[in-house]
Each structure stands twice: as structure tokens, then as C-alpha cells.
J.: 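Take a look at this one; I'll ask things after.
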Amino acid sequence: MITYTDGTFHLKTQNTSYIFRVTKFGHIESLFYGERLEEQNFEALAVKQTAEIGSTVKYDESDPMYSLDTMALEWSGIGKGDYRHSPAEIKMPDGSFVADFTYEGHRITDGNLSPASVPSSYGDTKDCQTLEIILSDRVNLVTLLLYFTVYEKTDVITRRTVLKNGNENPLVIRKLMSMMTDLPDRNYTCVTFQGGWIRETHRQDTQIRMGLYVNESTTGASSNRRNPGFLLAEQGATETQGRVYGFNLIYSGNHYSGIELSDRGLVRVMTGINPYCFEWPLEKDGEFETPEAVMTFSADGYNGTSGHFHDFVNEHIVRGDWKGKERPVLLNTWESNFFSFTERKLMRLAVRAKKLGVELFVLDDGWFGKRDNDKAGLGDYTVNRKKLRSGLQGFSRKIGRLGMRFGLWFEPEMANPDSDLFRAHPEYAVQIPGRTPSYGRNQLVLDLCNPEVRDYIVASVRGILDSADISYVKWDMNRHMSDMYSKCIGNQGEFFHRYILGLYNILGRIFGDRPQILLESCSSGGNRFDLGMLCYSPQIWSSDDTDPVERLEIQRGLSYLYPLSTMGAHVSWSPHQQTLRTTTLASCFNTASFGCLGYELDLSFLSRFQKKEVSEQIAFYKEHRSVLQYGTFYRFDPLKANKVHWETVSGDRSRAIAGFFQTQVKAAESFDFLPLTGLDLSSRYLLRTRPQPVYINRFGHLINFLLPFHIHPEGFLMRLISKFYRMTDCVEEYEGYGAMFEAGLKLNNQFEGTGYNTATRLPGDFGSNLYVLTRLEEIGKAG
Ligand code: GLA
């Protein structure tokens with residue numbers, strides 16, 4: 001995977017090559033990152049320095065053409081002629097900011113040399129190889145190690161850095177990125193995933209122009225504002241073609257990525273811990289490890305890079321018992337009950353859930369202390385017996401007896417001032433002596449920099465987990481940081497990073513020896529959806545927004561970086577709590593099925609037909625969940641602005657599920673395509689629409705055009721008919737070779753007023769359908 005020939009390193013994955021070399025002055029010069037190349041002399045790929053360039057600073061008098069400012073580099077210092085932004089800003093032991101790291105040597109090791117302090121990717125000696133390049137600033141006796149780990153099969157290369165101070169004098173790190181590279185400009189668009197609460201990971205395309213573009217978070221978490229993952233796509237790239245680079249960071253705190261186009265046509269890319277409020281002193285022999293950055297490349301468009309990321313996350317990030325395992329269908333009590341419930345109410349809900357096929361019952365917020373609203377009780381994880389009279393143990397057993405597993409919500413990083421915890425230990429909360437702290441959701445953050453606080457959280461959560469039959473935990477975190485200060489650290493510039501290290505320490509201690517527990521991380525929805533959390537938590541709650549139309553945007557955004565097996569996606573009641581939008585149960589399911597399915601609604605409101613519908617949904621999901629969670633996922637470039645097309649195909653191509661989603665209906669539209677890909681072209685498949693009901697009352701007064709008599713659209717008769725009769729949306733069925741389906745399947749007409757019959761599709765506003773493709777020999781096998 002890694003070769004070193006005459007000063008040139010060639011890192012090879014199945015489909016990519018990453019090439020750089022050591023220059024005569026010891027800098028690491030980038031030659032290429034992109035398609036897989038054969039071994040050869042790569043001089044042709046180097047950015048040439050064959051003429052002296054005006055207004056540059058020469059690195060060394062012996063070579064007037066050698067200017068760091070115009071070179072493509074894998075790392076750059078400060079103060080030696082490179083005026084682009086630097087991946088490191090260090091107050092060096094000599095008191096200056098000048099740093100010049102040059103090559104001392106390298107080592108190539110099989111496997112991944114994991115960092116000690118932060119979670120990282122993992123793989124054994126067959127999966128990956130690691131290159132460690134040792135650089136040093138010889139004047140200051142400071143060493144910089146660059147690590148490159150090559151994951152051959154998933155086409156991913158990770159990078160991280162370690163800084164070591166060998167000087168008697170201390171140094172201070174103000175910025176130390178995990179990676180840097182310079183790519184030749186190809187008119188890149190930077191694709192980032194932006195948003196806020198209930199509108200996470202909305203794709204944003206920004207044309208990279210001269211100057212610096214930054215994608216960062218400063219809230220203390222990886223944030224719902226800007227996910228750490230981003231892409232760089234050459235002009236004209238689509239979902240299926242074009243050169244696209246992908247970057248991400250295995251980190252859950254403040255991140256920073258800078259993309260800078262220089263006047264010499266080089267695009268500098270770097271990513272790492274955000275330098276915002278960051279300051280980290282290193283004494284003699286001290287060292288600092290950055291988190292690991294993740295890079296990939298594909299010439300097959302956005303689906304190419306996201307496919308690499310998906311495989312990488314499933315194989316080399318998610319770990320423990322839940323790695324590669326199908327996720328259970330859950331019911332979560334939040335949107336159905338919020339804080340208000342009793343054990344009887346919950347049991348009724350649980351019985352209903354079980355009947356419908358739910359496998360895991362999750363009790364969300366409100367089960368402890370005085371937690372009857374979000375103003376009190378956070379921190380006091382003593383069960384509220386008024387609500388849960390059998391206690392956690394008794395209640396979890398009852399759920400177990402129903403044949404479901406039991407899961408519980410916690411928010412262990414926080415406390416309400418109105419809590420016994422805060423009254424007993426005000427010093428546990430993050431706040432600055434002498435300054436009134438600012439609240440978020442009426443709560444304060446606990447100081448995870450403090451070992452006593454960490455011990456307290458570990459002991460209290462462990463105690464609860466071991467006291468009942470709990471096989472799932474939803475670990476929430478519901479506010480951004482403010483008043484950053486810990487009495488436990490001398491330098492407050494360490495606060496943000498030490499908080500995250502504290503969090504990782506806690507998660508490792510609690511869940512490391514309880515790998516059977518499925519941990520779903522959450523932060524007001526997707527405020528901490530990142531690779532760091534995925535090292536502990538195999539799935540993450542994507543968003544508090546359960547409106548399926550919003551979810552199309554949110555889950556699409558996430559899918560560029562994270563696989564479906566990691567995204568919590570729930571069906572909720574319409575009109576939706578977040579938007580007041582009305583959608584169908586079918587559309588809620590169709591969107592949520594591209595993820596880890598759950599239900600978050602009061603099941604007692606379900607009519608007889610709706611119950612049937614939900615149990616059909618769950619049965620369908622269970623039958624196909626291996627494809628829906630672990631298949632190869634494709635987004636399609638929309639052929640029309642009001643459509644979204646997704647597809648997931650099983651690894652052996654024997655099955656595929658395609659989703660057709662319509663946002664706003666348009667009158668008398670042209671035919672609809674169902675784009676398909678990833679099939680075995682020479683195998684025969686059966687394609688069939690998943691049957692889904694259409695409720696009579698959906699037609700309102702239009703029903704009068706179908707009936708031989710007139711009824712009031714909201715009258716008794718309408719209600720009566722709706723009770724005993726439901727329709728099925730048009731089911732289409734075709735048989736043919738994979739190649740034919742990929743060539744361009746056209747769907748039946750949509751409802752457009754005239755000539756309605758049973759072959760008419762009925763999506764309307766926000767309607768959708770799923771289509772199942774099964775290879776015919778598989779059907780034979782099953783039969
Ligand atoms: C956050 C979560 C929700 C729910 C509530 C409970 O908002 O994102 O899913 O758990 O907290 O307070």
C-alpha cells in the first residue's frame with residue numbers, strides 16, 4: 001500500500017494514489033492525489049519551479065527558484081516564505097513564531113498506529129498500513145510527526161500529526177491541524193453541510209475563489225451549524241461523474257477546515273481542531289496529538305466519495321458488538337409523551353408497539369428527578385416513582401416480558417440549576433467565578449475537564465445501566481458552550497479540547513465493557529453527528545425534525561459523509577411538530593426507511609387501518625433492513641426540481657430498494673423516471689411498488705366524482721366509509737434485465753384530474769413510493 005522510491009512516497013488504495021516527495025531542503029512536496037497510478041517517475045506531476053518568481057522570498061540563497069510560497073506542500077511552517085495560511089501556529093521555544101519543519105526520516109508500519117488520547121479509525125495489518133514521517137525544526141529541537149494511514153479497500157487515507165517539544169524551553173501551540181495538502185486548482189466547488197437545530201446538514205455549494213474559505217464550529221461541539229465533513233468537487237461534478245475529494249475529522253469538538261486558493265493556482269486544504277480560543281503549552285518532552293483526519297477521492301462523482309466514506313465508517317469507525325449488525329426498530333416516547341407520562345400510559349404504548357412489530361422501547365426524557373419540564377431535574381438520575389411506579393428494573397422487565405428490549409435517555413453532560421446535583425455540587429458546572437453564567441435550555445454544562453465530575457458521571461450512569469435490563473442508551477447533549485472555564489486546568493485555552501477528551505474518557509469507561517448496549521448519540525438532534533461520536537455510538541439521532549420532507553434534505557446531506565446504518569430516522573405524526581406540514585404515514589416511513597427506523601408518535605391515535613399500515617411498514621423494513629441499512633446507497637441528480645430519488649443495493653446486487661419522493665406536485669407534469677443503478681446488468685429482476693394505502697378522506701370532496709351518490713366530505717358517511725375501506729396506491733410491476741431497468745424506467749401517470757383509475761399514481765404534495773427490485777433467481781430460491 002505504501003512505497004518509497006528515491007525520496008518519493010506513493011500511497012496506494014484500490015482506486016487512488018497519493019504521491020509526495022522529500023525536496024532537497026527536506027520539505028514534503030505534494031505531487032498528486034487522485035486516480036490510481038502505476039509506479040513510475042512522477043516528475044511530470046510536480047508543480048514546476050523553473051523560473052525565479054518576482055516578489056517571493058527565497059528559502060535558501062543557493063537556489064533562487066526554490067520558494068515555499070509557490071510550491072505544493074504536505075505541510076508548511078511560518079516565516080520561511082510561504083504566506084498562505086499555515087497548518088500550525090506555534091510560539092516556539094525561542095519565543096518566535098517561525099517554524100520550519102524538515103525531513104528527518106520515516107517509518108512504514110503495518111496496521112494503524114492509533115493515537116492514545118483521541119478515538120481513531122482502526123484496522124488490522126491486512127487492512128491498512130501507516131507511514132510516519134518525522135520532521136523537525138532543528139533550531140528549536142521541536143519534532144513534528146505526520147501520520148498517513150492507508151485503508152486500501154475503502155479508498156481512504158487518514159492523517160494526523162503529533163508535536164513533540166525536545167527543548168528545555170516550553171512552547172505554546174495556538175493551532176495544529178491534523179492534515180494539510182495543496183491541490184492544483186480545478187475550479188473547485190466546496191460542498192459543506194450547514195444548518196442549525198431542526199435543519200441540519202443542508203448541502204451548500206460554494207465556489208472556491210482566491211482567498212480563504214472556512215468551514216468551522218465554535219460551539220464546543222462539531223455542531224449542527226457546519227458538519228466537519230466537506231467535499232471538494234471539480235467543476236461540473238455530479239452524483240455519478242467528476243473528480244470529488246472528501247474530507248472529515250474524527251472529532252466531536254470545535255473543528256476548523258480552511259480551503260485557500262492562492263494566486264499561483266494551488267488550493268490549500270487543511271482540517272483539524274479549531275484554533276478558536278485554543279492554546280496548548282508543551283513543556284520539555286511534552287507532546288500533543290491531533291485527532292485523525294479522513295480523506296478520500298473518487299472520479300465517479302459524489303456517490304463515489306460517499307460510497308468510500310460509508311464503507312470506511314462501517315468497517316473502520318463503528319466498533320463493538322453493533323458493528324455490521326442490523327439495528328432494531330424502536331419506539332421513542334419523546335414526540336408521543338414529552339415529559340408527561342405514567343407507567344400505565346407507557347405500558348399501553350408498549351403493548352401497542354409490540355403488536356405492530358417494534359423491537360426496542362425507548363423511554364426518553366422525563367423519567368427521573370423533578371423532570372416534568374426542561375427547567376428542572378437534569379442531573380438527578382433517580383427514577384421518578386410517581387411516573388414509573390415499578391422503578392427502572394421493574395419497568396424494564398415488564399418491557400422484556402412483552403418481548404421487546406428496553407432503552408433509556410440520559411443527558412449526563414448537563415445539570416439544571418434546579419437539581420439536587422447542582423445544589424450539592426455547584427462547582428461541577430462550567431462557569432467562571434464572579435460572572436453570571438449564561439443558560440441554554442435552562443441548563444449548565446458539567447465540567448468534563450474535572451476528573452471528579454467524570455468519575456461522578458461514570459458511576460451514576462453505570463449504576464443505572466446495571467440496575468435494570470437496559471440494552472440501548474440515547475446519550476443527549478442539548479446546549480452550546482458558554483462561560484468556558486475549568487478550575488482544573490491552568491490554561492483556559494485547553495478548555496474546549498479537554499472537555500471533548502473528558503467526554504471520550506467517560507464514554508469509553510461506561511460503554512467499553514458494555515459493548516452489548518446500543519448507544520445512540522444525540523445532541524438536540526444532529527448537533528454532534530461526527531466520526532468521533534461514531535467511534536462510541538454506532539448510530540446518531542439525525543435531527544429533531546421528523547417531517548419527512550425536511551428529512552429528505554437532512555438525510556441527503558448526511559449521506560454524503562455517513563452511511564445509512566448510522567442515521568436515526570423516525571416516523572412521527574402529521575401535521576409535524578416542527579413545521580405544521582401535513583404528510584402521509586407512508587411518506588414518513590418511506591423517508592425514515594433509508595436509515596435506522598423508529599416510531600415517535602402516540603400509537604393510541606392510530607386508526608385500525610393505520611395500525612395495519614404501520615405493522616406492514618415494520619414487516620417490510622425488517623425484511624429489507626440489511627439493504628436499507630448496509631446496502632450501497634445512491635443519490636440521483638434530480639431530473640426535476642420537485643423530485644428526490646434514492647436507491648440502496650445489496651452487496652451481492654440481488655436486491656435493491658428505490659425511493660421516489662415528490663416535494664411539491666405540479667399540474668400535468670411530464671412522465672416520471674425511476675432512475676436505477678448498481679444492478680447486475682445481465683440478471684433478470686422483478687420490480688414492484690411497495691403497496692401502500694391511500695385513505696379515502698385524502699380525496700375530500702373529490703370522492704363525489706367517484707361515487708354514484710353525493711356525500712359531505714367531512715360528514716358522518718365519509719367517516720364511516722373511511723373506517724371500513726381504504727385504497728391501495730397504484731402498484732406497478734415489471735420484469736426484465738438489470739440493464740433495461742438502468743436504461744430508464746418510466747412510471748405510470750400521476751393523478752391529474754382526468755381519467756383517474758387504479759393505475760394512476762397518487763403522490764400529490766409530499767408523496768412518495770418505494771420500489772423493490774429482486775433478482776429472479778433469489779425469488780426462485782425463496783420459493
Ligand atoms: C433533545 C433530543 C430529543 C429529545 C429531547 C428530550 O431535544 O434531540 O430527541 O430527546 O432532547 O429533552
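Whatever order the structure lists them in is the order used to number ligands and atoms, beginning at 1.
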J.: Is the NZ or CZ atom of Arg581 both under 6.0 Å from the centre of the six-membered ring of Phe766 and within 45° of that ring's axis?
T.: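 Yes, Arg581 and Phe766 form such a contact.
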
J.: Can you tell me if Lys323 has over 12 outside heavy atoms packed within less than 6.0 Å of its NZ?
T.: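 Yes, enclosed.
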
J.: Near ligand 1, which protein residues have a heavy atom under 4.0 Å away?
T.: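 Residue list for ligand 1: Trp334, Asp364, Asp365, Trp409, Arg441, Lys474, Asp476, Asn478, Cys522, Ser524, Gly525, Trp541, Asp544.
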
J.: Checking Tyr256 now: which residues fulfil ring-ring contact (aromatic ring centres under 6.0 Å, His included) with it, not counting sequence neighbours?
T.: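 In terms of ring-ring contact (aromatic ring centres under 6.0 Å, His included), with neighbours along the sequence ignored, Tyr256 is linked to no residue.
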
J.: List the residues meeting ring-ring contact (aromatic ring centres under 6.0 Å, His included) with Phe661, not counting sequence neighbours, and say none if there are none.
T.: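 So Phe661 forms a ring-ring contact (aromatic ring centres under 6.0 Å, His included) with Trp646.
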
J.: Just list the side-chain donor-acceptor pairs under 3.5 Å for residues 399-413, sequence neighbours left out, or say none.
T.:
| from | atom 1 | to | atom 2 | distance (Å) |
| --- | --- | --- | --- | --- |
| Trp409 | NE1 | Asp476 | OD2 | 2.9 |
| Glu411 | OE1 | Asn478 | ND2 | 3.1 |
| Glu411 | OE2 | Gln443 | NE2 | 2.6 |
| Glu411 | OE2 | Asn478 | N | 2.7 |
| Glu413 | OE1 | Tyr499 | OH | 2.7 |
| Glu413 | OE1 | Arg528 | NH1 | 3.0 |
| Glu413 | OE2 | Trp475 | NE1 | 2.7 |
| Glu413 | OE2 | Arg528 | NH2 | 2.7 |

J.: Determine whether the aromatic ring centres of Trp334 and Phe339 lie less than 6.0 Å apart.
T.: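 Close enough - the centres of the two rings lie under 6.0 Å apart.
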
